[in-house]
Protein chains: 2
Amino acid sequence: MEVADTRTRIRAVAIELFTTQGYEQTSLREIADRVGVTKASLYYHYPSKQELLLAVLRPLVVEWRQAVDAAEALPHTPANVRWALENCLDTMLRHRSACALFIRDTAAILATVQPLWAELLELSARLNSWLAGPSPTSADRIRAVAATETLGVALTSTALMPDVPEDELRRTLLESAAAVLGLRRARTRPVDARAAKPA
Amino acid sequence: MEVADTRTRIRAVAIELFTTQGYEQTSLREIADRVGVTKASLYYHYPSKQELLLAVLRPLVVEWRQAVDAAEALPHTPANVRWALENCLDTMLRHRSACALFIRDTAAILATVQPLWAELLELSARLNSWLAGPSPTSADRIRAVAATETLGVALTSTALMPDVPEDELRRTLLESAAAVLGLRRARTRPVDARAAKPA
DNA sequence: GTCTATACCAGGATAGAC
DNA sequence: GTCTATCCTGGTATAGAC
């Protein structure tokens, strides 16, 4: 592989420009120029701008699905809920830029890659429904959505609170989400995981 | 005014198409066709697509500013915090479609109408800083952002939980935001508004 | 003052030469 | 695997009809 092969470089430039400027705001010419090829050459490697976007977003969706699968496999106990929140938050933090794209560019992505978007919606629906617990009231369901939304703050936080250290962010958001769900404060280790059900 | 004047009809069609399809995804031709005029005619009434977007978004920003101003004018007591959350939530609900546009189309709007966007950022910064209270810790600041984000659920809720009645949504979200901020459960009337400070 | 016709340029996409 | 040339659509600008 004498080249840092063009295909890979295109993807790298795309992820950078998409996440800094947005998807619609980034032209193929811009990407091509930065890579040092022509627009037409991009089309040799990726059949469309859409596919390029997919190549950027797919890894996040894959991991996110694993996180939701993992949560669903567990019984809905307070300790498990805490663990699931943590796992989801970490997944988001790991793919921070792709997540930000998803959030900032919702309309464009929705219009562009509908199937991927649909999967993401379905995944968050499953997560929310697990978080709401068995036979949930409307309030339980609302709280579940509110809790996941709370974790989403991790993504806007870089812009709003650049000086806050990541571990404190992580800890506080987890506590906030737990508070929304009516869980009491965390113990150091997840003990008595089978006691009373959450409010 | 024999006509439901063209200018107004353009704006009405724009708000509808922008909010259902997104800003970038809506072409001027589409709007013009729906109104029954040509693209060029749009330009007589609005100097650019941007201006049309501004005309749609401006009312929300105006009211939002009033809500933040009102909050800042009050001392940071638990009762006042509750009242501010409520007021902000209601503002969002009143301008639900414009809010949704702002959230779904962030990247496009950011790129298109930077000054408006900047004002919105500044307003939410002010609101968050008021919510965090005087001399806040990092955790207080994070919680403030998490609480406002919680209210934002009102906007996604229509899609995720279409069957939940609005008043229950409103009540539960306010309680969730209060839980994030560490306020205890609401009394029917805001009594003893000057007692202990929130965690 | 309100609108149409028309032309311009940028961006996504395709065909075909090298 | 990369380029040139070309097409179509969308935002924009202007001249001019009514």
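Numbers restart at 1 for each chain; the letters A, B, ... are given by sequence-line order, proteins then strands. Values in this document were obtained by computation on a predicted structure and should not be read as measured data.
A donor-acceptor pair under 3.5 Å is formed between the side chain of Arg9(B) and the backbone N or O of Val35(B).
Summarising the geometry, the separation between CD on Gln25(B) and P on dT9(D) is reported as 18 Å, rounded to the nearest angstrom. Atom pair Asp5(A):CG and dG1(D):P shows a separation of 9 Å (rounding to whole Å applied). Regarding Arg9(B), its CZ atom lies at a distance of 13 Å from the C1' atom of dT2(C), rounded to whole Å. Rounding to whole angstrom units, OH of residue Tyr46(B) and P of dC3(C) are separated by 12 Å. Remark: P of dG11(C) and CG of Leu17(A) are 13 Å apart, rounded to the nearest angstrom. Nucleotide dG12(C) holds its P atom 11 Å from the CG atom of Leu52(A), rounded to whole Å. One atom, CD1 of Ile10(B), and another, P of dT2(C), lie 11 Å apart when rounded to the nearest Å. Nucleotide dT2(D) holds its C1' atom 15 Å from the CG atom of Asp33(A), rounded to whole Å.
Taking the six-membered ring where the residue is Trp, Tyr23(B) and Phe18(B) present perpendicular rings, their angle passing 60° and hence far from 30°. Aromatic ring orientation, His76(A) versus Trp130(A): perpendicular (interplanar angle above 60°, classes split at 30° and 60°).
The phosphate of dG1(C) (OP1 or OP2) has no side-chain N or O of His45(B) nearer than 4.0 angstrom. Proximity of Thr38(A) to the phosphate of dC3(D): a side-chain N or O atom is located under 4.0 Å from OP1 or OP2. At dT2(D), one or more side-chain N or O atoms of Thr6(A) fall inside 4.0 Å of OP1 or OP2 (strictly under the cut-off). Close to dG1(D), at under 4.0 Å from its OP1 or OP2, lies a side-chain N or O of Tyr44(A).
Ion pair Glu175(B)/Arg82(B) flagged as a salt bridge, since at least one NZ, NE, NH1 or NH2 atom sits closer than 4.0 Å to an Asp/Glu carboxylate oxygen. Between Arg170(B) and Asp90(B), at least one side-chain N (NZ, or NE/NH1/NH2) sits under 4.0 Å from a carboxylate O, which counts as a salt bridge.
For the residue pair Thr158(B)/Arg96(B), the side-chain donor-acceptor check at 3.5 Å is satisfied.
One finds the CG atom of Leu89(B) at 5.0 Å from the CG atom of Leu174(B) (value rounded to the nearest 0.5 Å).
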Under 3.5 Å between N/O atoms: give me all the protein pairs with nucleotides 11-14 of chain D, atom names plus distance.
residue : atom : partner  : partner atom : Å
dG11(D) : OP1  : Thr26(B) : O            : 3.4
dG11(D) : OP1  : Lys49(B) : NZ           : 3.0
dG11(D) : OP2  : Leu28(B) : N            : 2.8
dG11(D) : N7   : Lys39(B) : NZ           : 2.7
dG11(D) : O6   : Lys39(B) : NZ           : 3.4
dT12(D) : OP2  : Tyr43(B) : OH           : 2.4
dT12(D) : OP2  : Lys49(B) : N            : 3.1
dT12(D) : O5'  : Tyr43(B) : OH           : 3.0
dT12(D) : O4   : Lys39(B) : NZ           : 3.3

